[in-house]
Every structure is written in structure tokens, then in C-alpha cells.
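By convention in this document, chain letters (A, B, ...) are assigned in the order of the sequence lines, proteins followed by strands, and residues within each chain are numbered from 1.
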There are 2 protein chains.
Amino acid sequence: MPWNLDSDRPIFLQIIEKIQTDIVAGIYHPGDKLPSVRELAQAAAVNPNTMQKALSELERTGLVYSQRTSGRFITEDTKMIQKLKSELAREVITEFLEHMQKLGFEKQEAIELMEQTIRGETK
Amino acid sequence: MPWNLDSDRPIFLQIIEKIQTDIVAGIYHPGDKLPSVRELAQAAAVNPNTMQKALSELERTGLVYSQRTSGRFITEDTKMIQKLKSELAREVITEFLEHMQKLGFEKQEAIELMEQTIRGETK
DNA sequence: ATTACTGTACTAACTAAATAATACAATAAA
DNA sequence: TTTATTGTATTATTTAGTTAGTACAGTAAT
């Protein structure tokens, strides 16, 4: 599972989004134990401090919790996860429509162009 | 016309995208004279150096050109503008589908959820 | 008890982006 | 000719993000 971090945006933000996404997509399951800060940092090829910063933020929002010395775990609150999934999807959709509108495409045009693009890819 | 710059990404990149977008959306027209570096910087509330950096990059790609002392102008190459519009639209579409896929939605699901979201907004 | 692993905290150094403050050459307008 | 405006260039400073290195306290396993 590659981390695919780019340098155009703060890395700790990209890490937060990556882990959030993996949770709502079901790659991490409720109650799962996360690798340690040091392991995650190595896997993502970033400094442990950067990983720690991202994890602290995920903890602040309640998506993960830490058990002082035994490790860090995904929340077991499935409703929270489901709600987050809806929120993130809505954000992505809204962002898409705004972008397309700024380029000069109305909502229906945007959808049509997308369907056309998909057909073009799979043919 | 607000600039809406956020601090999550390099400002000069956001400026580049903003001006690109305004050109392909027809807010700026081919041959139009742009405001001076200093005026643009003031309008966007950034340092002139930052604006200059963004404009230099736009110039490097050929989208604008500068006439040494009389100012900066939008390219008159309408084909280039049209091509850029298609490219940007394709990027936005691809990015959208990738994001949704990472959240666990297949292409068709993504489209359906988007249509559903639109109906929910306009009702 | 000792060992190894956990999260956490702290300080220093480095880098890229952004700001600040000028300066200069070219030209259109006065 | 003078003035104002243009793009452009240069140097210094500040700030946020990142890295580097180290340290400490708690706990499960040995």
C-alpha cells in the first residue's frame, strides 16, 4: 500500500487524509491496531515527528485512540466512520462541481463530459 | 472577483491555477491586457514577488506574454486555450474518480451519488 | 527484575515559500 | 524632456513544515 505523498501540500495533511480514507474504505477495520508511530513513519518514508503530528490530529477528531503503551487503535464507533464517509464523499463531489463550474461547465455538462471520458477510457 | 487563496498549498501555485482557470472560462479574453504585477499583487493581497513568480510560470507555458514595458497580455492562440480547457477538465474528472474510488465508490456509484447530491441541493 | 516496545515530548537545524525593501531599464504619456 | 508606469532583478528576513536526534514514562513479555 503505497503512500504516494507529494511535495505540493503539507505531508502531515496528506497522511491524515490517507488514513481517514483507508478507514472509511474499509482497509482498516474498527478496533484494528495500527502499526507503531515508528513503523508507520518508516513505511511512509517520513520523520516520526511528522507521523506523530498526523496521528495526534486523527486522535483529536476521535477517529483513532491510543492506549498509552500498547498502541493505537481505530475507533469502534462505526456510525462515526459511516458519517465521515458520507462527509468526505460530499466534499469530493462538491469540490468536483465547483472546479468544473469554474472551468465553465454547468453541472449537467460536467456529468456528461465525465461519462464521455469514462467511455473513452474503457473502449 | 475574489482570489480565495488558502494556506494549505503554495500560493504561487494557486495563483497560476486561478489565472489559468479564468482564461479558459472566458473571464479573460485572448489579447486582453492584464493588470500590472503590482496591481494584481494588491488585489490578491500577496507580495509582488509571489505574483511575479506565478506570472513568469504562466509565461513559460505560453499562456501569457509580456511586452517589456507596456504590460502583460493573454495569448491570442485560441487553440492553445481550448486545448488547456480540455486538459484541465480531464484532470478534474480523473481526480474526482480517483478520490471516489479511494473512498470505496466505483465509477457508476460515484456518478449516481453525485446526481443524488445535486437533486438534494436543488430541492 | 530486565528487556523491548509503546506513545509522547523537546530542542536544534534545515528548507522552501513568502514577505519586505529596493533598484534598474524601457517606454508611453505628459 | 520629464514623469509615471511597466516588467524584472536582487538581497535579506520571516515563517511553516520537515528532519534529526534524543529522552522519558508506562507496560507487556521474558
Which whole-number value in Å describes the distance from A:Met51 CE to C:dA9 P? 17 Å
What integer distance in Å separates A:Lys53:NZ from D:dA16:P? 10 Å
Between CG of B:Asn49 and P of D:dT14 the distance, given in whole Å, is 16 Å
ILVMFWY cluster, A:Ile118 and B:Met100 together (side-chain gap under 4.5 Å): yes
Tell me whether A:Leu55 shares a hydrophobic cluster with A:Met80, the cluster being built from Ile, Leu, Val, Met, Phe, Trp, Tyr side chains joined at under 4.5 Å. yes
From CD of B:Gln52 across to P of D:dA9 the rounded distance in Å is 7 Å
Nucleotide D:dT8, atom C1' - distance to CD of B:Glu59 in whole Å: 11 Å
Nearest-nucleotide wise, let me know which of A:Ser70 and A:Pro48 is further upstream toward the 5' end of DNA chain D. A:Pro48
In residues 34-42 of chain B, which ones come under 4.0 Å of DNA chain D, going by heavy atoms? B:Ser36, B:Val37, B:Arg38, B:Glu39
Do the charged groups of B:Arg60 and B:Glu57 touch, with an N to O distance under 4.0 Å? yes
Taking A:Glu17 first and then A:Arg9, would you say they form a salt bridge - that is, a charged N and a carboxylate O separated by under 4.0 Å? yes
Applying side-chain hydrogen bond (donor to acceptor under 3.5 Å, both in side chains), which residue pairs with at least one partner in residues 74-83 of chain B are found, sequence neighbours left out? B:Tyr65-B:Glu76
To the nearest angstrom, the CD-P distance between A:Glu57 and D:dG17 comes to 12 Å
Show every donor-acceptor pair shorter than 3.5 Å between a side-chain atom in residues 40-50 of chain B and any protein atom, with sequence neighbours excluded, or say none if there are none.
unit_1: B:Asn47; atom_1: OD1; unit_2: B:Asn49; atom_2: N; d: 2.9
unit_1: B:Asn47; atom_1: OD1; unit_2: B:Asn49; atom_2: ND2; d: 3.1

Going only through I, L, V, M, F, W and Y residues with side-chain contacts under 4.5 Å, is there a path from A:Leu34 to A:Val37? yes
Taking the minimum atom-to-atom distance to the side chain of B:Thr69, which one of D:dG17, C:dT8, D:dT6 wins? D:dT6
What is the distance from CG of B:Leu13 to P of C:dA16, rounded to the nearest Å? 14 Å
Check this one for me: any side-chain N or O of A:Thr50 less than 4.0 Å away from OP1 or OP2 of D:dT19? yes
Quick one: is B:Ser66 getting a side-chain N or O under 4.0 Å of the D:dT8 phosphate, OP1 or OP2? yes
Just how far, in rounded Å, is C1' of D:dT5 from CZ of B:Arg68? 13 Å
